[in-house]
Amino acid sequence: MLKTVDGFDRIGEENAFAVLARAGALAASGKDVINLGIGQPDFPTPPNIVDAAIKALRDGHHGYTDATGILPLREAVAADLHRRFSVGVNPGNVLIVPGGKVTMFSAILMFGEPGVDILYPDPGFPIYRSMIEFTGARPIPVPIREENGFAFSAEETLSLITPQTRLIVLNSPANPCGGVTPKAEVDNLVAGLMDRPDIAILSDEIYDQMLYDGEEHVTLLSYPEIRDRVILLNGWSKTYAMTGWRLGYSVWPDELYQKARKLAVNAWSCVNTPAQFAALEALTGPQDAVGEMLSEFDARRKLVVRLLNYIPGVSCITPKGAFYAFPNISSTGFKAKELASALLEGPGVATIGGPDFGILGEGYIRLSYANSQENIREALNRMKTFISSA
């Protein structure tokens, strides 16, 4: 009988893909399904980006690149971060990777082992905990509370640090809750970490351009006192509607960069070459499409919150970032996953139950408003009818 290492028995999943598959199967059988489950923009990749990839192929860019990514793209990442946040980034600290999850995996693999504590947001992206458990480290959930606007609390985060803490995972703007942590809270967290120089910080900033109501993103790279231990996670999937291109980037401190580069050599060699030229065009070309998508997401955000709050037993605070609403459904009489399953199998509305994002997700479901306003109206009307008649 084959015996695999114990870590593989501890790996979790991202249930959004299971819901996507089930929704697809139901649709294929003839059921009318509206998908508010999957977290990807419903817009096509802007044409200039697609054209750049086609041109790269026609120009003969068919081979390997450096494991860290082509230099013009790493330079463009550094320039973009400087333009948006006035932070200096050495292109030699930028690593181009095949999607955002790769940076999570690399950082958690680098610091996680039995006997180590790793803090992560809960509710949060499920792969954080999955990878922590894979390494054998102890996952320590940092509560992301509705009463805090789904921002993390510096005080609560710092209170969970132990002598065994080696890595803290942060995410703002946040998935699944749409929370944005204010600068004052980030300031307090950084101040509290000053006496623990042995703790690294993985800052997941993949939604950094998806902000509303005048909110401004606070990047951890803007704190020089902790720059030598900050790992930045970002990419193109959300901002440029490029989820299927599998493109991400990370910024690593000097001490860790070569470790990350060697992992790249061992694991994926390099990122798809023409996709890198597409990413270069995304950063250096026209940005009009980004603004247009964000404007439409904003309109959908307001619509989905308004309609959710009309549903008996449901309440929803207004998210300030990303493209998710995280309504409180605890007064409906349903458990979260029970409701999510019933909505899909019954009226044909795909959502994700809060517990799929952590042990503190009970009482909530996640809705992605990366769908048309017409579909959102219809989906929430179905949801209201179902809950009202239950």
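Each residue takes its place number in the sequence, starting with 1.
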Assess whether a salt bridge exists between [X] and [Y], defined as any Lys/Arg side-chain N lying under 4.0 Å from an Asp/Glu carboxylate O.
{"X": "R84", "Y": "D208", "result": "yes"}
{"X": "K55", "Y": "E281", "result": "no"}
{"X": "K320", "Y": "D213", "result": "no"}
{"X": "R58", "Y": "D51", "result": "no"}
{"X": "D32", "Y": "R382", "result": "yes"}

Donor-acceptor under 3.5 Å ([X] side chain, [Y] main chain):
{"X": "S388", "Y": "T385", "value": "no"}
{"X": "R227", "Y": "L221", "value": "yes"}
{"X": "E362", "Y": "A336", "value": "yes"}
{"X": "R229", "Y": "A200", "value": "no"}
{"X": "S295", "Y": "G291", "value": "no"}
{"X": "K238", "Y": "G39", "value": "yes"}
{"X": "S29", "Y": "L26", "value": "yes"}
{"X": "T135", "Y": "I132", "value": "yes"}

(request) Could you go through the side chain to side chain donor-acceptor pair (under 3.5 Å) check for Y240 and Q287 one step at a time? (result) CA-CA 9 Å; Y240 297 98; Q287 301 297 303; 2.8 Å; yes
Are [X] and [Y] side-chain neighbours, meaning at least one heavy-atom pair lies under 4.5 Å?
{"X": "I161", "Y": "L119", "result": "yes"}
{"X": "V349", "Y": "E378", "result": "no"}
{"X": "I387", "Y": "L339", "result": "yes"}
{"X": "T332", "Y": "P312", "result": "no"}
{"X": "R22", "Y": "E345", "result": "yes"}
{"X": "P141", "Y": "I359", "result": "yes"}
{"X": "F297", "Y": "Y212", "result": "yes"}
{"X": "D66", "Y": "L71", "result": "no"}

Can you tell me if [X] has over 12 outside heavy atoms packed within less than 6.0 Å of its [atom1]?
{"X": "E147", "atom1": "CD", "value": "yes"}
{"X": "R138", "atom1": "CZ", "value": "no"}
{"X": "E225", "atom1": "CD", "value": "yes"}

So how far is it from [X] [atom1] to [Y] [atom2], rounded to the nearest 0.5 Å?
{"X": "D204", "Y": "L233", "atom1": "CG", "atom2": "CG", "result": "4.5 Å"}
{"X": "D59", "Y": "T273", "atom1": "CG", "atom2": "OG1", "result": "13.0 Å"}
{"X": "D122", "Y": "L360", "atom1": "CG", "atom2": "CG", "result": "4.0 Å"}
{"X": "F134", "Y": "D6", "atom1": "CZ", "atom2": "CG", "result": "10.5 Å"}
{"X": "I352", "Y": "L343", "atom1": "CD1", "atom2": "CG", "result": "11.5 Å"}
{"X": "I376", "Y": "I34", "atom1": "CD1", "atom2": "CD1", "result": "9.5 Å"}

[X] and [Y]: same hydrophobic cluster, using ILVMFWY side-chain contacts below 4.5 Å?
{"X": "V180", "Y": "V169", "value": "no"}
{"X": "Y64", "Y": "L280", "value": "no"}
{"X": "I11", "Y": "Y128", "value": "yes"}
{"X": "L211", "Y": "V304", "value": "no"}
{"X": "V271", "Y": "V265", "value": "no"}

(request) Heavy atoms only: give me the nearest L367-P327 pair and the separation to one decimal. (result) CD1-CG, 3.7 Å
(request) Provide the closest heavy-atom pair for A299 versus Q373 in the form atom of the first, atom of the second, distance. (result) CB-NE2, 3.7 Å
(message) Does F323 form a ring pair (Phe, Tyr, Trp, His ring centres under 6.0 Å) with Y207? I'd like the steps, not just the answer.
(response) CA-CA 9 Å; F323 42 66; Y207 296 97; 5.6 Å; yes
Under 3.5 Å, is there a donor-acceptor pair linking the side chains of [X] and [Y]?
{"X": "N371", "Y": "N35", "value": "no"}
{"X": "E13", "Y": "S130", "value": "no"}
{"X": "S172", "Y": "E205", "value": "no"}
{"X": "S372", "Y": "E374", "value": "no"}
{"X": "W245", "Y": "T45", "value": "yes"}

(message) By the definition side chain to side chain contact (heavy atoms under 4.5 Å, CB included), identify the one residue from N234, L81, V251, L73 that meets it with V94.
(response) V251
(request) Please step through side chain to side chain contact (heavy atoms under 4.5 Å, CB included) for the pair I38 and V19, ending with a clear verdict. (result) CA-CA 8 Å; I38 196 69; V19 172; over 6 Å; no
(message) One pair to check against salt bridge (Lys or Arg N to Asp or Glu O under 4.0 Å): E156 and R145. What are the steps and the verdict?
(response) CA-CA 11 Å; E156 193 162 22; R145 303 185 187 279; 2.7 Å; yes
(message) Evaluate L189 against L158 for side chain to side chain contact (heavy atoms under 4.5 Å, CB included), listing each step before the verdict.
(response) CA-CA 7 Å; L189 179 67; L158 293 168; 3.8 Å; yes
(request) Would you please classify the geometry between the Y364 ring and the F326 ring as parallel, tilted or perpendicular, with 30° and 60° separating the classes? (result) parallel
(request) Please step through side chain to side chain contact (heavy atoms under 4.5 Å, CB included) for the pair N148 and S153, ending with a clear verdict. (result) CA-CA 8 Å; N148 290 341; S153 160; 3.9 Å; yes
(request) State which residues pass side-chain contact (heavy atoms from CB on, under 4.5 Å) with N309; sequence neighbours excluded, sorted by chain then number. (result) V305, S315, C316
(request) For residues 74-124, pull every pair meeting ring pair (Phe, Tyr, Trp, His ring centres under 6.0 Å), keeping only residues two or more places apart or in separate chains. (result) F85-H217
(message) Per the side-chain hydrogen bond (donor to acceptor under 3.5 Å, both in side chains) rule, what does the pair list look like for residues 174-196, sequence neighbours excluded?
(response) N175-R366, K183-D187, D187-Y223, R196-D198
(request) Show the numbers, then the answer: is there a side chain to side chain donor-acceptor pair (under 3.5 Å) between S250 and W252? (result) CA-CA 6 Å; S250 44; W252 296 79; 2.7 Å; yes
(message) Before you tell me yes or no, could you show the steps for T65 and I96 under side chain to side chain contact (heavy atoms under 4.5 Å, CB included), namely the whole-Å CA-CA distance, both residues' side-chain angles and the distance that decides it to 0.1 Å?
(response) CA-CA 11 Å; T65 74; I96 307 301; over 6 Å; no
